[in-house]
Amino acid sequence: MIQETNSMDQIVTRGPGLSRRTKVWLAVAVTLAVALVLLWPAVRRWARAEQSVDLSRLQVASVVRGDLERDVSAQGRIVAANHPKLYSPTQGIVALAVRPGESVRVGQVLATIDSPEVEAALAQERSRLQSLESERSRTDLATRQQNQADGQTLKLRRVRLDAARRDLQRAEKLSADGLLNEVELERARDAVRVAEVELEQSQDGGKLSREARDFEVQDRRRQVERQRLVVADLERRLGELTLRAPFDGMVATIDVQDRDAVAPNAPVLTVVDLSEFEVEAQIPESYADEATPGTPAVVSFGGRDYPGELTSVSPEVQASQVQGTVKLKDVPPGLRQGQRVAVRLVFEKRPGVLKVPRGPFLEGGGRQVYVLADGLATLRPIEVGATSVSEVEIVKGLNEGDQVLLSDMEQFNGAETVLVRR
């Protein structure tokens, strides 16, 4: 018979203090309380947030104080400051003497144009010049001969007048002695008057004849001078058929092929001066009023910035842009004609302003922005001032050190608060 175990049981009395189970539940409660206290800000932010977004999808920047340059960026193209295009002065066949990219010296022959028309016209005009010079020489000779003949006639008539006067003196003496009748005396007097009239007529007529001959000689000389100008102009045109380099530089482009027939005023080639470059910049129309000659400019090339100055602005607007010309103060090495560069025009410098990097938030008008604090982005109204290519001035609504979201605000659908998850 098996005995019961009651005899082995002992009565244990309950000691003072909490039980083990109570301690366990108490520890769990304390842990939950501490966790709730630690997580309460996050819970509160989560409760307040209307939307949530991951931090990796956002662009965050700090509000800082510093100098801001109000500027505008533009696309530019390098052009030589001196880049004339040479044209064909007349119709003919072109013969090229250089190739694109070839360096040339001033006065070097670049191309020649064969024009038989100009050569034939020059030969004809030279022949006409020789004919006019011969006619002028004959006129000069005939004038001298006629002047000599008029001089001889004048001398002869003076001699005749002297002879008539002597005959009259003898007749008057004979008439006084009664040896000559009155008729012979009057005849001697008439002979003197006739000789005087002939002498006077010879003097006046000779003077008029000399004036007429001098006028004819001058007319011949003017004809010769005019013809010389015609010949000189044709010689100039013939010389222009040889296209020469106007300065030391490089052949940029050639618009024709060797032995091509070219029309008058047709472009042949372009020569560029490599010693000085300019930048043709396309400036947005909205900045056309502020972009005035003398505006400082910065040209970015090869990872470096080079200072320049806006020298001219076109008055014409094309495709919502105006063309400006920027002159470089220091020409960087390696520039090429037509090369693309970035240009920045600096309109104003503002020292010691609050600023943030420029971002998509500005597209909404720049009147409000999300400020990030403790993982919660709150929408705050702001007022912006000057803007540059990379920065925006904050006039009102933000303080130095604030964290702002630069991302596009349309993704938040106008929410007042956004939870930013890390």
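Throughout, numbering of the chain's residues begins at 1 and tracks the sequence.
- The residues Arg228 and Glu235 are annotated as not salt-bridged, no charged nitrogen and carboxylate oxygen being separated by less than 4.0 angstrom.
- A side-chain donor-acceptor contact under 3.5 Å links Ser314 to the backbone of Glu316.
- In this structure, Asp258 contributes its side chain and Leu96 its backbone to a donor-acceptor pair below 3.5 Å.
- Taken to the nearest 0.5 Å, the CZ atom of Arg237 stands 5.5 Å off from the OG1 atom of Thr90.
- The two residues Arg70 and Ala386 come nearest to each other via the heavy atoms CD-CB, 3.6 Å.
- Judged by distance alone, with hydrogens and angles left aside, the side-chain atoms of Thr242 form no donor-acceptor pair with the main-chain N or O of Thr112 at under 3.5 Å.
- Relative ring orientation between Tyr287 and Phe347 is described as parallel, the plane-to-plane angle staying below 30° on a 0-90° scale split at 30° and 60°.
- A salt bridge does not link Arg350 to Glu391: none of the charged nitrogens lies less than 4.0 Å from a carboxylate oxygen.
- Ser127 places no side-chain N or O within donor-acceptor distance of the main-chain N or O of Gln124, the cut-off being under 3.5 Å.
- In terms of modelled atom types and a separation under 3.5 Å, the side chain of Asn147 and the main chain of Thr143 share a donor-acceptor contact.
- A donor-acceptor pair is defined here as one N or O able to donate and one able to accept, closer than 3.5 Å; such a pair exists between the side chain of Asp67 and the backbone of Gly352.
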**Request:** Applying side-chain contact (heavy atoms from CB on, under 4.5 Å), run through Gln108 and Glu102 and close with a yes or a no.
**Result:** CA-CA 12 Å; Gln108 180 178 338; Glu102 184 175 341; 4.2 Å; yes
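- Formation of a donor-acceptor pair under 3.5 Å by the Thr311 side chain with backbone atoms of Thr325 is found in this model.
- Side-chain contact, Gln218 with Asp214: no donor N or O sits under 3.5 Å from an acceptor N or O.
- Arg221 has no carboxylate O lying under 4.0 Å from a charged side-chain N of Glu225, or vice versa, which leaves the two without a salt bridge.
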**Prompt:** After noting the C-alpha distance and the side-chain angles of Ser134 and Arg138, does the key distance pass the side-chain contact (heavy atoms from CB on, under 4.5 Å) rule?
**Reply:** CA-CA 6 Å; Ser134 299; Arg138 285 195 296 269; 3.9 Å; yes
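- For the atom pair Leu328 CG and Tyr306 OH, the distance stands at 9.5 Å (nearest 0.5 Å).
- Between Glu309 and Lys327 there is no salt bridge, since no side-chain N of the basic residue sits under 4.0 Å from a carboxylate O of the acidic one.
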**Item:** Candidate pair Ile254 and Val268, rule side-chain contact (heavy atoms from CB on, under 4.5 Å), full reasoning
**Value:** CA-CA 6 Å; Ile254 295 181; Val268 178; 5.7 Å; no
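- With respect to Val369, the side-chain contact (heavy atoms from CB on, under 4.5 Å) criterion is satisfied by exactly one of Leu406, Val404, Ile394: Val404.
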